[in-house]
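In what follows, every chain begins at residue 1, and chains take the letters A, B, ... in the order their sequences are listed.
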There are 2 protein chains.
Amino acid sequence: MTANPSFMSGVPELLVLRLLQDREMYGYEIVAAVAAATGQVVAPKEGVIYPLLHDLEKEGLLRAQRRPAGGRTRVYYTLTSKGVRRLFDLTDDWTRMTRAIQHVLKGPSHAV
Amino acid sequence: MTANPSFMSGVPELLVLRLLQDREMYGYEIVAAVAAATGQVVAPKEGVIYPLLHDLEKEGLLRAQRRPAGGRTRVYYTLTSKGVRRLFDLTDDWTRMTRAIQHVLKGPSHAV
DNA sequence: TCTGTATACCTATGTTCACTAGGTATCAAT
DNA sequence: ATTGATACCTAGTGAACATAGGTATACAGA
C-alpha cells in the first residue's frame with residue numbers, strides 16, 4: 001500500500017534539507033513544496049514531514065522559529081551550518097549510490 | 001550504525017533481479033556479486049540477501065533449484081517471466097525517482 | 001449564522017525492510 | 001586437528017516511511 005515508490009530511505013530528509021537551502025519555509029509549505037519540486041513523484045505527507053522536521057531540529061540541523069503570519073502561527077525552519085554540512089554529505093552519498101546502481105542497471109559485463 | 005548508506009529501500013531487490021537477468025546464480029554468489037558490481041558501494045550481507053531470495057521466490061519472481069556443485073549443495077536462482085516484469089517496473093520506478101530527485105538537487109528555481 | 005474547506009500544526013500506531021548477530025554444515029589446507 | 005572459506009539459514013532489533021487520525025483558526029458561501 002505504498003503511496004510513494006519504494007526507494008524512499010533518506011529521501012525526505014535529503015529533499016527537505018535541499019529545499020531549505022534556498023529559503024526558509026514552514027512545515028505545511030514544505031509538504032507541498034516537496035511534492036511540487038518532484039512533480040508528485042515523491043510526496044511525503046504531513047505525518048512524515050512534521051516528525052522529520054522535529055528530529056532534524058533536535059539534531060541541530062534546522063532552526064525553528066514560530067512566528068505569526070497572516071493571522072496564523074507558522075513554524076519557520078532554516079538550515080543551520082550543521083544542516084548544510086549534512087546536506088552535502090547526503091548529496092554525496094546519494095550521488096555515489098545512484099551512480100553505482102545506474103551502472104549495474106545499464107550494462108552487463110560486470111565480470112570484467 | 002548503518003553499514004550501507006541510507007538510501008537503501010528496495011535497492012537489494014532491484015540489484016538481485018538485475019543480476020539474475022544476466023545469468024543464474026546461487027545465494028552466496030549473489031552476496032559477493034552485488035558488492036562487486038557496485039564497487040562495494042552497496043553490499044548487503046547474507047542476512048539481507050537470503051531472506052530476500054526466499055521472499056522473491058515465494059512471490060513467484062524467482063525459481064529456486066537446489067543442485068549439487070563441487071561437493072556442496074547450492075541453491076540456484078533464475079528469473080521467472082514475472083520476475084522480469086517486476087524488474088522492468090522497479091527499474092522504471094527507480095529512474096523516475098532518481099530523475100526527480102536529481103532535478104531538485106541540481107538547480108534552484110523550482111517555483112517556475 | 002452555520003457549514004464546509006483550506007490552512008497549519010501535531011502524534012500514535014502500523015508495517016516494511018535492512019541490519020546485526022548469531023547458528024549449522026561441508027570442504028580444503030595447514 | 002584446527003582453521004578458514006564456502007554455503008546455507010533465521011531470530012530479533014531498529015529506523016523510517018505510511019496511515020489515520022486529532023486540534024484549531026480563517027474565510028467563503030449558502
Rounding to a whole Å, what distance do you find between A/Ile49:CD1 and D/dA20:P? 18 Å
Spacing of A/Tyr76 atom OH relative to C/dT7 atom C1', expressed in whole Å: 12 Å
From C-beta outward on A/Tyr28, which listed nucleotide comes closest to its side chain: C/dC19, D/dT10, C/dT7? C/dT7
Within the structure provided, determine whether B/Trp94 and A/Gln102 are in side-chain contact (heavy-atom separation under 4.5 Å). yes
Residue pair A/Arg72/A/Glu13 against DNA chain D: nearer the 5' end by closest nucleotide is A/Glu13
Lys/Arg N to Asp/Glu carboxylate O, B/Glu59 vs B/Lys82, below 4.0 Å: no
CD of B/Glu29 versus P of D/dA5: gap in Å, rounded? 18 Å
Give B/Glu46 one of three labels, base, sugar-phosphate or nothing, depending on what nucleic acid heavy atoms sit under 4.0 Å from its own. base
Can you find a pair of side-chain heavy atoms, one from A/Leu62 and one from A/Leu17, that are under 4.5 Å apart? yes
Rounded to the nearest Å, what distance is computed from the CZ atom of residue B/Arg67 to the P atom of nucleotide C/dT26? 21 Å
Taking the side chain of B/Tyr50 as heavy atoms from C-beta outward, which of D/dC8, C/dC10, D/dC17 is closest to it? D/dC8
So which nucleotide from D/dT6, C/dC9, D/dC9 ends up closest to the side chain of A/Val75? C/dC9
Between C/dG22 (C1') and B/Lys45 (NZ): distance, integer Å: 15 Å
Spacing of A/Leu56 atom CG relative to D/dA15 atom P, expressed in whole Å: 15 Å
Counting any heavy atom closer than 4.0 Å, what does B/Pro51 reach on the DNA or RNA strands: base, sugar-phosphate only, or nothing? base
Which of these nucleotides, C/dC9, D/dC8, C/dT11, is closest to any side-chain atom of B/Arg66? D/dC8
When you measure from the side chain of B/Arg74, which nucleotide among C/dC9, D/dT6, D/dA16 comes out closest? D/dT6
So A/Gly47, base contact, sugar-phosphate only, or nothing? Heavy-atom distance under 4.0 Å. base
What is the distance, to the nearest angstrom, from the CG atom on B/Leu14 to the C1' atom on C/dA18? 15 Å
Does the B/Thr80 side chain pair with the main chain of B/Leu61, one donor and one acceptor, at a distance under 3.5 Å? yes
B/Glu29/B/Arg23 ion pair, N-O < 4.0 Å: yes
Output yes when at least one side-chain N/O atom of B/His54 is less than 4.0 Å from OP1 or OP2 of D/dC8, else no. no
Which nucleotide in the set C/dC9, C/dC19, D/dC9 lies at the smallest distance from any side-chain heavy atom of A/Tyr26? C/dC9
To the nearest Å, how far apart are A/Leu52 CG and C/dT11 C1'? 15 Å
